[in-house]
Amino acid sequence: MYQDTLKSIRIQLRRYMDGIVSTSMRRQGMDYKMNFGVSLQNIRAIAGSYTKDAGLAQLLWKEEVREMKILATLLYPQEEFTAALARQWVEEIPFQEIAEQLAGNLLQFLPDAPQLAREWIRSEKEYVSVAGFIVYTRLFSKGYLLPVTGEPYFLQVAHSILDKGISRPQRAALTALKRFGRQSGRQAVLVLDAFTDYETAGSAEKEEFYNDMKFEFEYYM
């Protein structure tokens with residue numbers, strides 16, 4: 001049913017193929033079965049020429065091809081994407097870029113997004129945790145407010161992630177903390193109080209995190 005569409009998509013991807021970008025990504029560890037090196041702008045242009053379709057998106061997601069996975073997040077109708085499918089796809093995220101595209105194009109729009117983000121941030125799986133923090137960042141940016149009773153949990157999990165040292169979840173958590181703190185003076189104080197042990201930790205990395213958040217809040221408040 002979708003074979004002609006998939007063939008058409010492959011033809012367009014080859015038209016925009018950039019071997020230099022593809023090689024660079026592979027050297028950075030993004031070792032897909034196939035990577036055309038197509039820019040996000042061109043991937044979005046390709047997506048714009050097709051009608052959103054859940055069946056097509058499912059097939060694209062199953063492909064071990066960078067651009068097809070991104071297209072899957074763009075072509076799956078947001079109103080049809082479910083929490084159950086979100087849990088499945090999140091477990092299958094292969095790289096940071098896919099986590100960002102999945103969270104930005106689909107996950108943040110789920111009615112259950114806050115609950116799912118809460119669930120995912122404490123996952124031991126790197127990209128599941130990353131996706132959870134990215135969803136929180138997106139939600140905070142749109143004005144979503146954590147329930148007061150949920151704030152200690154968010155701060156505690158983020159603290160535990162930053163304690164572990166440099167990692168992708170750490171960077172995602174730091175960004176989410178900044179967005180959370182920027183929502184109000186009260187929340188900025190909450191964040192800094194939660195990380196007050198970093199201020200004089202005797203660790204250059206931890207002190208940098210603390211000062212980074214403090215500067216962020218002072219700048220935006």
Side-chain angles (χ1 to χ4, degrees), residues 24-32 40 66 86-87 89-104 107-108 113-221:
S24 175
M25 288 183 176
R26 193 177 306 112
R27 288 174 177 169
Q28 294 172 37
M30 289 177 274
D31 193 18
Y32 294 90
L40 288 176
R66 168 182 171 265
R87 287 190 173 97
W89 281 25
V90 161
E91 292 284 337
E92 297 169 353
I93 294 172
F95 300 111
Q96 174 82 21
E97 182 184 31
I98 303 303
E100 293 170 355
Q101 293 301 312
L102 179 58
L107 301 180
Q108 67 166 317
Q115 292 76 25
L116 291 168
R118 177 186 170 91
E119 171 187 324
W120 291 331
I121 59 173
R122 69 178 310 135
S123 174
E124 292 298 318
K125 294 186 177 181
E126 179 180 38
Y127 292 117
V128 175
S129 178
V130 165
F133 281 114
I134 293 175
V135 170
Y136 264 140
T137 297
R138 293 278 184 159
L139 293 175
F140 296 151
S141 297
K142 294 190 295 184
Y144 168 75
L145 297 175
L146 271 178
V148 173
T149 54
E151 292 172 345
Y153 172 86
F154 168 72
L155 294 170
Q156 180 271 320
V157 175
H159 197 296
S160 69
I161 295 292
L162 265 66
D163 279 347
K164 293 179 181 179
I166 297 175
S167 67
R168 292 182 181 88
Q170 183 192 64
R171 290 190 288 273
L174 183 61
T175 301
L177 284 165
K178 290 179 181 179
R179 290 290 182 178
F180 172 76
R182 281 169 52 178
Q183 288 185 312
S184 72
R186 182 188 69 84
Q187 289 173 213
V189 170
L190 278 179
V191 174
L192 294 179
D193 283 351
F195 287 86
T196 188
D197 56 316
Y198 277 24
E199 187 176 13
T200 55
S203 162
E205 180 183 79
K206 289 183 177 180
E207 290 175 12
E208 182 179 345
F209 285 151
Y210 183 86
N211 290 328
D212 187 16
M213 289 187 285
K214 185 178 180 181
F215 176 80
E216 180 93 2
F217 303 149
E218 289 175 347
Y219 182 82
Y220 283 100
M221 292 305 181

Determine, stepwise, if the pair F140 / L146 fulfils side-chain contact (heavy atoms from CB on, under 4.5 Å). CA-CA 8 Å; F140 296 151; L146 271 178; 3.9 Å; yes
side-chain contact (heavy atoms from CB on, under 4.5 Å) for Y153 and R118? Distances and angles first, verdict last. CA-CA 9 Å; Y153 172 86; R118 177 186 170 91; 3.2 Å; yes
Show your working on side-chain contact (heavy atoms from CB on, under 4.5 Å) between L174 and D212 and close with a plain yes or no. CA-CA 9 Å; L174 183 61; D212 187 16; 3.8 Å; yes
side-chain contact (heavy atoms from CB on, under 4.5 Å), that's the test. Do E208 and Y198 meet it? Break it down for me. CA-CA 8 Å; E208 182 179 345; Y198 277 24; over 6 Å; no
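A distance of 8.5 Å separates CD1 of I98 from CD1 of I93, quoted to the nearest 0.5 Å. The distance from atom CG of L177 to atom CZ of R179, rounded to the nearest 0.5 Å, is 12.5 Å. One distance of note links CG of L190 with CD of E151; it measures 5.5 Å at 0.5 Å rounding. Separating the CG atom in L102 from the CD atom in Q108 is a distance of 10.5 Å, to the nearest 0.5 Å. The distance from the CZ atom of F195 to the OH atom of Y210 is 11.0 Å, given to the nearest 0.5 Å. Taking CZ of R168 as the start and CD1 of I161 as the end, the distance is 14.0 Å to the nearest 0.5 Å.
Within the 3.5 Å criterion, the main-chain N or O of E126 finds no donor-acceptor partner in the side chain of S129. T196 places no side-chain N or O within 3.5 Å of a backbone atom of L192 that could act as its donor or acceptor partner. Between the side chain of Q187 and the main chain of Q183, no donor-acceptor pair closer than 3.5 Å is present.
With a 4.5 Å cut-off on side-chain heavy atoms, E205 and Q170 count as touching. Contact check for F180 versus T137: no side-chain heavy atoms found under the 4.5 Å cut-off. Between Y136 and W120, every side-chain heavy-atom pair lies at or beyond the 4.5 Å cut-off. For the pair D197 and H159, the minimum side-chain heavy-atom distance is below 4.5 Å. Using a 4.5 Å cut-off on side-chain heavy atoms (C-beta onward), Q96 and Y127 make contact.
Nearest heavy atom pair, residue A113 against residue L107, reads CB-O, 3.4 Å. The two atoms that bring R182 and F217 nearest to each other are N-CE2, 3.8 Å, heavy atoms only. A pairwise comparison of heavy atoms in A103 and I134 identifies CB-CG2, 3.5 Å as the closest pair. Residues A158 and F133 approach most closely at CA-CZ, 4.1 Å, considering heavy atoms. In plain terms, the two heavy atoms of L162 and A173 that are nearest each other are CD1-CB, 3.7 Å.
Between the side chains of E97 and Q101, no donor-acceptor pair is found at a separation under 3.5 Å.
For E91, the salt bridge (Lys or Arg N to Asp or Glu O under 4.0 Å) partners are K125, not counting sequence neighbours.
Taking the charged nitrogens against the carboxylate oxygens, E199 and K206 have no contact shorter than 4.0 Å, which rules out a salt bridge.
Other residues, nucleotides and ligands contribute at most 12 non-hydrogen atoms within 6.0 Å of the CZ atom of F215.
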